[in-house]
2 protein chains.
Amino acid sequence: MEVTEIRARELNAEKFINEQIQKISETVGKSSAINALSGGVDSSVVTLLGHKALGKRLTTYFIDTGLMRHGEPHSVVSLFDKLGVPVILIDAQKEFFNALKGIVDPEKKREAITQTFYKKVFGRLVQKSDAAFLLQGTNLTDIEETVAGIKRQHNVFEQLGIDPKKTFGYKIIEPLIQLRKDGVRKTAKALGLPKSIYQRIPFPGPALAARVIGEVTPRRINVVRKATAITEEALKGTKAFQYLAILHRDRVTGVKNGKRVFGLQIEIRCWDSIDARIATPTKLSNETLFRLAERITAEIPEVVSVTYNITTKPPSTIEAI
Amino acid sequence: MEVTEIRARELNAEKFINEQIQKISETVGKSSAINALSGGVDSSVVTLLGHKALGKRLTTYFIDTGLMRHGEPHSVVSLFDKLGVPVILIDAQKEFFNALKGIVDPEKKREAITQTFYKKVFGRLVQKSDAAFLLQGTNLTDIEETVAGIKRQHNVFEQLGIDPKKTFGYKIIEPLIQLRKDGVRKTAKALGLPKSIYQRIPFPGPALAARVIGEVTPRRINVVRKATAITEEALKGTKAFQYLAILHRDRVTGVKNGKRVFGLQIEIRCWDSIDARIATPTKLSNETLFRLAERITAEIPEVVSVTYNITTKPPSTIEAI
């Protein structure tokens with residue numbers, strides 16, 4: 001499949017929205033569609049496009065994987081409720097943590113999440129609903145990086161030559177495939193989505209599992225969830241493209257209550273970028289960084305060390321795994 | 001044993017030097033002594049004090065553990081040669097790497113180095129030489145942190161209630177036990193040691209093995225040796241107390257030659273401190289940090305990510321393991 005890029009500055013968002021709504025209508029026809037909303041700008045735009053095209057023939061689920069940020073499942077569902085879009089919240093935390101038990105390899109972790117998400121939890125919902133179409137928020141950068149082997153996305157089967165019809169039993173519609181992140185944000189704004197959505201920092205598909213090096217357990221997710229909340233609060237005032245906290249598997253020496261301990265380390269990344277293809281670390285002041293480390297080590301007793309990423313992408317990537 | 005601290009600002013270095021030389025002379029008597037020189041300020045001062053007290057009755061060894069920095073063994077030996085102090089260079093690289101094979105636990109790594117250093121390599125030299133006394137550069141901070149359980153030093157057997165006479169077959173003399181690092185530096189200067197010694201940044205006993213999280217292999221030491229050389233060159237202009245590069249065990253995603261790889265991560269730490277008891281990260285400019293990361297990832301192909309420590313000690317420690 002050939003994809004023609006639409007650059008954000010050339011994007012006529014109103015025209016694009018109308019075209020996509022019409023396209024979704026035509027493709028789905030009298031059938032129905034289903035989609036999963038994560039609260040990110042991509043899936044939020046797709047949800048609203050689908051809702052406008054299909055109304056009640058779109059069923060939108062928010063799957064609580066247990067890997068979301070603090071308070072996220074309920075805040076996303078209630079936001080869409082206010083927009084008149086019904087979203088069904090599914091608690092699948094146990095299923096995800098069971099699937100992730102003992103897995104250390106990042107590829108296998110992503111695979112476990114993909115399989116649990118699509119084949120198990122979402123697959124069950126699709127089969128139950130008789131929907132033949134799945135709306136997905138895949139954008140152009142996702143595809144390029146998957147094809148180039150830089151990123152392993154779980155939502156771009158088609159681009160990898162996998163037939164999603166055979167694999168998971170439904171057809172995928174990807175309305176955002178010609179846009180990059182900045183184009184998606186412009187579309188979100190034109191759709192009337194709130195600032196908290198169209199200016200929301202990117203967040204990875206595997207959610208906080210992508211922020212944990214090594215095994216993903218409820219306890220380790222809880223540590224990185226706290227670090228994420230502190231980091232997002234501290235850095236929301238920056239104009240950074242993305243900021244994140246990563247829990248390392250390596251333990252480092254620290255001192256707590258005057259005693260030597262092997263504690264946890266959190267790595268902070270804060271990126272300046274237009275579209276995630278290339279990125280540079282944000283020039284934060286020493287004061288901002290030191291205060292952030294102080295809060296994290298004070299509020300999360302297991303953490304004794306905090307670092308700040310100083311490498312560009314490339315050779316780094318935005319996320320650590 | 002009660003130890004009375006001598007603060008650097010109250011230290012009369014000439015008087016201290018004369019007292020220590022006399023004390024070593026009296027303690028060793030007609031016997032002979034042996035010591036190991038690492039090139040750090042502590043062992044350098046002890047070597048010179050011992051040389052002044054005992055002359056040819058002191059035998060000084062530099063043991064090349066394979067864990068030293070780039071070019072270090074030869075530069076230290078030739079520096080002392082110029083000062084008229086003969087130092088014997090012992091190549092024990094294979095013995096150390098064999099002892100470290102497969103060990104991941106930091107305590108067991110230190111133990112393997114201690115055992116190889118004292119029981120095997122240095123123990124053999126002591127027994128061959130018939131020396132009854134060992135000169136050691138232990139300072140007051142080492143003792144306090146060992147007693148408090150913050151640091152595990154391999155040169156303070158006495159303070160831990162271990163009888164070194166029974167354990168390794170010799171008596172230990174510790175001339176610097178009343179001083180902290182600043183006092184030792186003042187003494188080094190008064191002794192006429194060059195600036196490269198008395199202003200040298202601290203370097204841990206287990207050398208680069210303390211800078212490798214996970215298994216210590218010749219290959220991993222080589223990576224951290226290169227990163228250390230780049231870091232020391234880049235940060236020598238700062239007035240920092242200590243700066244170091246740590247090779248992590250965790251692998252992180254990176255992009256090299258347009259392909260996704262799981263690469264190595266280096267953590268940089270740069271400390272402002274008086275005596276290592278408490279420390280804060282040095283306020284380096286973003287430009288300095290980003291350039292350093294760029295050099296490390298460019299010159300060491302396996303490395304895709306570099307971070308900078310932003311945590312104070314406590315709750316961090318100076319070194320990572």
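Note on naming: letters A, B, ... go to the chains in the order of the sequence lines (proteins, then strands), and numbering restarts at 1 for each one.
With a 4.5 Å cut-off on non-hydrogen atoms, Lys256(B) touches chain A through its side chain but not through its backbone. For Glu267(A), the part sitting under 4.5 Å from any heavy atom of chain B is the side chain, from C-beta outward, and nothing else. Using a 4.5 Å cut-off between heavy atoms, Thr280(A) makes no contact with chain B at all. In this structure, no portion of Ile318(B) lies under 4.5 Å from any heavy atom of chain A.
Listed for the Asp250(B) side chain is no donor-acceptor partner under 3.5 Å among the backbone atoms of His248(A). The backbone N or O of Tyr308(A) lies less than 3.5 Å from no partner atom in the side chain of Thr307(B), so there is not a single donor-acceptor pair. Between the side chain of Thr297(B) and the backbone N or O of Pro315(A), no donor-acceptor pair lies under 3.5 Å. Using modelled atom types, no side-chain atom of Ser316(B) and backbone atom of Ser305(A) make a donor-acceptor pair closer than 3.5 Å.
Val252(A) pairs with exactly one of Ile213(B), Ile321(B), Thr317(B) by the side chain to side chain contact (heavy atoms under 4.5 Å, CB included) rule, that one being Ile213(B).
Distance check: Ile310(A) CD1 to Arg291(B) CZ gives 11.5 Å after rounding to the nearest 0.5 Å.
The greatest number of non-hydrogen atom pairs below 4.5 Å with chain A, out of Lys283(B), Arg251(B), Glu287(B), Glu294(B), is found for Lys283(B). Contact count versus chain B (heavy atoms, under 4.5 Å) is highest, among Asn257(A), Leu289(A), Thr311(A), for Thr311(A). If you tally non-hydrogen atom pairs under 4.5 Å between each of Pro281(B), Pro314(B), Ser285(B) and chain A, the highest count goes to Pro281(B). In terms of non-hydrogen atom pairs under 4.5 Å with chain B, the most contact-rich of Glu319(A), Gln265(A), Arg269(A) is Gln265(A).
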